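Side chains are part of it too, since the values below use all heavy atoms of this structure and drop only hydrogens, waters and symmetry mates. No experiment lies behind these values; they were computed from the predicted model shown.
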Amino acid sequence: VSYTLDSSAWRTMNLSNNMFIFLAKQLSPAVLRVGGTQGDYDVYEFGDSGKYFDCNHPPTPMTSYRCKTINETKWRSLVQFSKDTNSKLVFGLNNLYGRPTKTNPEKEQCNKNNGCPPRNQTNIKDFLLWNAKNMPIDSVYGWELGNELNTYLNGNIGAMTQANDLRALKTFIKQIYTNDSQHSFLPLGE
């Protein structure tokens with residue numbers, strides 16, 4: 001069984017509510033996916049890239065549109081909820097940090113001449129490094145990268161960009177978990 005908590009909703013939920021935990025536990029063993037469109041706007045308040053991040057004044061080319069942050073308290077509550085409900089957590093990471101913010105309707109960002117806008121991996125790296133140092137290895141079962149970016153990162157160039165982004169994530173995860181044999185998981189898509 002798997003179920004999803006939308007990225008736009010989980011932070012407002014009381015994940016320590018006994019009734020909610022009881023009901024979710026009835027699905028166990030299960031996979032809990034936390035993802036969705038909001039995940040592409042999330043910034044992680046971990047490490048230097050997120051510690052002082054201000055959604056009201058994000059660095060260009062990002063905008064404040066839908067920007068939200070995830071702090072350690074909220075993150076730990078989600079991981080604990082996953083543990084309490086015997087659910088394996090799959091978490092959707094923002095693949096747009098440092099890229100122009102999505103618009104509504106979405107505007108294609110890739111073209112033959114300039115390719116796709118480059119992303120800044122520092123925020124994901126800071127978040128993953130913090131997890132590697134501070135959380136048990138089984139806290140996260142898998143990582144999802146981006147949510148339905150096929151219109152934003154369009155065409156063959158966009159598909160290649162997304163594939164390269166996933167490869168970079170895989171490489172980084174391997175780097176931070178290579179020194180400890182129990183820390184040897186791969187992101188989804190492997």
Once rounded to the nearest 0.5 Å, what's the spacing between atom [atom1] of [X] and atom [atom2] of [Y]?
X      : Y      : atom1 : atom2 : value
Thr171 : Gln121 : OG1   : CD    : 9.0 Å
Gln109 : Leu149 : CD    : CG    : 10.5 Å
Lys133 : Leu128 : NZ    : CG    : 12.0 Å
Leu15  : Phe20  : CG    : CZ    : 6.0 Å
Asp84  : Asn18  : CG    : CG    : 9.0 Å
Leu93  : Ile124 : CG    : CD1   : 5.0 Å

- Ser139 (side chain) donor-acceptor with Met135 (main chain) under 3.5 angstrom: no
N/O donor to acceptor pairs below 3.5 angstrom from side-chain atoms of residues 39-46, sequence neighbours left out:
residue : atom : partner : partner atom : Å
Asp40   : OD1  : Asn147  : N            : 3.2
Asp40   : OD2  : Lys102  : NZ           : 2.9
Asp40   : OD2  : Asn147  : N            : 3.4
Asp42   : OD1  : Arg11   : NH1          : 3.1
Asp42   : OD1  : Arg11   : NH2          : 3.1
Asp42   : OD1  : Gln38   : NE2          : 3.1
Tyr44   : OH   : Asn94   : N            : 2.7
Glu45   : OE2  : Thr69   : OG1          : 3.0

- Are Asn111 and Ile157 close enough, and set up right, to give a side-chain contact (heavy atoms from CB on, under 4.5 Å), and what steps lead you there? CA-CA 7 Å; Asn111 62 58; Ile157 297 168; 5.9 Å; no
Taking all atoms of both residues into account, what is the closest heavy-atom pair of [X] and [Y], and its distance?
X      : Y      : answer
Asn154 : Cys110 : OD1-N, 2.9 Å
Ser64  : Pro58  : N-CG, 3.6 Å
Gly36  : Ser7   : N-OG, 3.4 Å
Tyr3   : Ser87  : OH-OG, 2.9 Å

- For the side-chain contact (heavy atoms from CB on, under 4.5 Å) test, which of Leu96, Thr103, Asn95 pairs with Tyr152? Leu96
Any side-chain heavy-atom pair from [X] and [Y] closer than 4.5 angstrom?
X      : Y      : answer
Arg99  : Thr161 : yes
Thr4   : Val34  : no
Met62  : Asn120 : no
Lys51  : Asp48  : yes
Met160 : Gln162 : no
Glu108 : Leu153 : no
Phe53  : Tyr97  : yes

- Message: Same cluster or not: Tyr65 versus Ile70, using hydrophobic residues (I, L, V, M, F, W, Y) connected whenever any side-chain heavy atoms lie under 4.5 Å apart?
- Response: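 Looking at the clustering, Ile70 is in a separate group from Tyr65.
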- Task: Examine the side chains of Ser16 and Asn14 and answer whether a donor and an acceptor come within less than 3.5 Å of each other.
- Result: yes
Could you give the side-chain donor-acceptor pairs of residues 24-32 under 3.5 Å, partners two or more places apart or in another chain?
residue : atom : partner : partner atom : Å
Gln26   : NE2  : Phe22   : O            : 2.9
Ser28   : OG   : Lys25   : O            : 2.8

- Query: Is the count of non-hydrogen atoms from other residues, nucleotides or ligands lying under 6.0 Å from Lys88 atom NZ greater than 12?
  - Reply: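 12 or below, so no.
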Partners of [X] by side-chain hydrogen bond (donor to acceptor under 3.5 Å, both in side chains), sequence neighbours excluded?
X     : answer
Thr63 : Thr101
Asn71 : none
Trp75 : Asn131

- Item | salt bridge (Lys or Arg N to Asp or Glu O under 4.0 Å) partners of Arg167, counting only residues at least two apart |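 Per chain and number, Arg167 pairs via salt bridge (Lys or Arg N to Asp or Glu O under 4.0 Å) with no residue.
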- Message: I'd like to know whether Arg66 forms a side-chain contact (heavy atoms from CB on, under 4.5 Å) with Thr37, so could you lay out the CA-CA distance, the side-chain angles of the two residues, the decisive distance to 0.1 Å, and finally the verdict.
- Response: CA-CA 10 Å; Arg66 292 185 71 168; Thr37 300; 3.5 Å; yes
